[in-house]
Amino acid sequence: MSIHTDVVIIGAGPTGLFQVFELGLLDIHAHVVDTLPQTGGQCSELYPDKPIYDIPAIPVCNAQELVDRLMEQIKPFNAQFHLGQMVTALQQLDNGRFTLETSAGTKFDTGCVVLAAGLGAFQPRRLRVQGAEAFEHSHIHYRITDPERVRDKRILILGGGDSALDWTLALHGKASHITLIHRRDEYRAAPATVRKMKELATGDYLQEFQGQVRGVFDIDGKFGGIEVDDSEGNRQRIAADEAYVFYGLTPNLGPIADWGLDLEKRQIQVDTEKFQTSVRGIFAVGDINNYPGKKKLILSGFHEAALAAFAIQAHLHPEQKVRLQYTTTSPIMHRRLGVEG
Ligand code: FAD
């Protein structure tokens, strides 16, 4: 059974979320699909605690707060989210509509598609060493959803960026012991975080280890820990109950590259009136698109989403006149927003 809808937005980053809002103002309901288990795209996944200073009228807010505010703003429009699934297939039907299918088997029959897919679908860089595959997701993890899970366990944290260091500090005191494994003594995290980690690493609960990860070892078939070549090239075994790998995420354009859209350097070419792609009815907004003068900023994505919404309304209802109305004064907008005028 397909979900029959007007619009499917691929990507729940800031642009996809604001697209819900702009469509909602025009009384167009949307479904939103994202590979990540949460909304917010790069903001939530890559830099949730970092301050953003260039959102109009918000002098400063951290990236997660921006996402939270967007989620609040789009509430009246009841968009349906399909998270943790990647859109894997898109086909145009003879009647001009589109069918989409996700990795979880969700199917859509939609009038329009909005690609708000950023740099592509985020996937964690895997630990590709001997023996790792057998323990993926049972003992080797790429994200932490419940910090309590590590309580009183010996854990390994692999990586040298913000996520690895932030989690090292956050889990210090919860895990019985943490070994932070990084290939060199220099970290790519905020200097204050690195300083704090170094202070704590002199104690009994946290140890730094520099070396190249070479494999995963088991003890009688059960996860045993990780094998690392130390700076002198000697192979060491570091025993642990679980390992958390923070080698970063790689965005992957993935299936979008095969949908016959006009692409240049892995970016989708659009016009700057409708933000429509080379296929009528498929629009692209935010970091995924390109046009002369494009700047990959959240602000640009918001502007593009507003114009795309008007174009989508015209595409879905060519017989209707598209009228610009102010949210300040329009009773229709107030009704859609669920506010008193
Ligand atoms: P994204 O945020 O990339 O979201 C796209 C979403 O689409 C992702 O969640 C992805 O999983 C999903 N997706 C892709 N393909 C599929 C698929 N096939 N199926 C399902 N889901 C899919 N910008 C500013 O304006 N100001 C700043 O101060 C600023 N600071 C930044 C700091 C850092 C460290 C970084 C990395 C970026 C910063 N940016 C900043 C850039 C800003 O984050 C991006 O411009 C913005 O996130 C783009 O939003 P988006 O919604 O277009 O794409």
Side-chain angles (χ1 to χ4, degrees), residues 8-22 30-67 70-71 74 81-90 98 100-108 113-124 142-143 161-163 166 188-190 248-259 261 263 266-268 270 275 282-291 294-306 308:
V8 174
I9 300 170
I10 303 177
T15 313
L17 296 181
F18 198 62
Q19 187 68 74
V20 169
F21 182 78
E22 288 294 328
H31 285 257
V32 187
V33 187
D34 203 298
T35 319
L36 293 173
Q38 79 279 341
T39 60
Q42 292 174 53
C43 293
S44 302
E45 189 60 41
L46 299 184
Y47 60 107
D49 301 324
K50 289 212 168 21
I52 305 181
Y53 299 96
D54 57 349
I55 303 300
I58 303 179
V60 58
C61 72
N62 71 32
Q64 187 55 48
E65 189 186 340
L66 177 72
V67 173
L70 284 165
M71 290 300 287
I74 67 177
F81 286 90
H82 307 266
L83 299 176
Q85 37 192 309
M86 183 195 285
V87 177
T88 48
L90 178 152
F98 301 90
L100 294 182
E101 191 163 347
T102 76
S103 50
T106 312
K107 292 188 177 123
F108 299 95
V113 178
V114 180
L115 294 166
L119 309 171
F122 278 112
Q123 280 146 359
Y142 296 95
R143 53 185 303 118
D162 279 316
S163 298
D166 287 349
R188 284 171 285 104
L249 295 173
T250 39
N252 188 345
L253 204 52
I256 295 173
D258 304 324
W259 293 343
L261 301 167
L263 282 170
R266 301 182 68 73
Q267 286 183 310
I268 298 171
V270 290
F275 295 92
I282 304 183
F283 299 80
V285 291
D287 277 12
I288 188 94
N289 75 14
N290 198 25
Y291 51 85
K294 167 74 183 186
K295 297 283 177 282
K296 287 189 186 182
L297 288 171
I298 295 166
L299 175 74
S300 317
F302 288 170
H303 160 76
E304 293 159 15

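Residue indices begin at 1 and follow the sequence shown. Remember, it's a predicted structure, so these values are computed and weren't measured experimentally. First listed ligand is number 1; within each ligand, the first listed atom is number 1.
In this model, no donor atom of one side chain and acceptor atom of the other lie less than 3.5 Å apart for Glu304 and Gln19. For Gln64 and Ser44, the side-chain atoms include at least one donor-acceptor pair closer than 3.5 Å.
Using cut-offs of 30° and 60° for the angle between ring planes, the Phe18 and Phe302 rings count as tilted.
For residues 51-62, no residue pair satisfies the side chain to side chain donor-acceptor pair (under 3.5 Å) rule, not counting sequence neighbours.
Between the side chain of Asp162 and the backbone N or O of Ala190, at least one donor-acceptor pair lies under 3.5 Å.
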Check: every ligand 1 N/O to protein N/O pair under 3.5 Å:
residue: ligand 1; atom: 2 (O); partner: Gln42; partner atom: N; Å: 2.9
residue: ligand 1; atom: 3 (O); partner: Gln42; partner atom: NE2; Å: 2.8
residue: ligand 1; atom: 9 (O); partner: Asp34; partner atom: OD1; Å: 3.0
residue: ligand 1; atom: 9 (O); partner: Asp34; partner atom: OD2; Å: 2.7
residue: ligand 1; atom: 11 (O); partner: Asp34; partner atom: OD1; Å: 2.8
residue: ligand 1; atom: 15 (N); partner: Ala121; partner atom: N; Å: 3.3
residue: ligand 1; atom: 18 (N); partner: Val87; partner atom: O; Å: 3.3
residue: ligand 1; atom: 19 (N); partner: Val87; partner atom: N; Å: 2.9
residue: ligand 1; atom: 21 (N); partner: Thr35; partner atom: N; Å: 3.2
residue: ligand 1; atom: 21 (N); partner: Thr35; partner atom: OG1; Å: 3.1
residue: ligand 1; atom: 25 (O); partner: Ile298; partner atom: N; Å: 2.9
residue: ligand 1; atom: 26 (N); partner: Asp54; partner atom: OD1; Å: 2.9
residue: ligand 1; atom: 26 (N); partner: Asp54; partner atom: OD2; Å: 3.3
residue: ligand 1; atom: 39 (N); partner: Tyr47; partner atom: OH; Å: 3.2
residue: ligand 1; atom: 43 (O); partner: Tyr47; partner atom: OH; Å: 2.5
residue: ligand 1; atom: 45 (O); partner: Asp287; partner atom: OD1; Å: 2.9
residue: ligand 1; atom: 45 (O); partner: Asp287; partner atom: OD2; Å: 3.2
residue: ligand 1; atom: 51 (O); partner: Pro14; partner atom: N; Å: 3.4
residue: ligand 1; atom: 51 (O); partner: Thr15; partner atom: N; Å: 3.0
residue: ligand 1; atom: 51 (O); partner: Thr15; partner atom: OG1; Å: 3.2
residue: ligand 1; atom: 52 (O); partner: Thr15; partner atom: OG1; Å: 3.1
residue: ligand 1; atom: 52 (O); partner: Asp287; partner atom: N; Å: 3.0

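Within 6.0 Å of atom NZ in Lys294, more than 12 heavy atoms from other residues, nucleotides or ligands are found, so the atom counts as buried in its surroundings.
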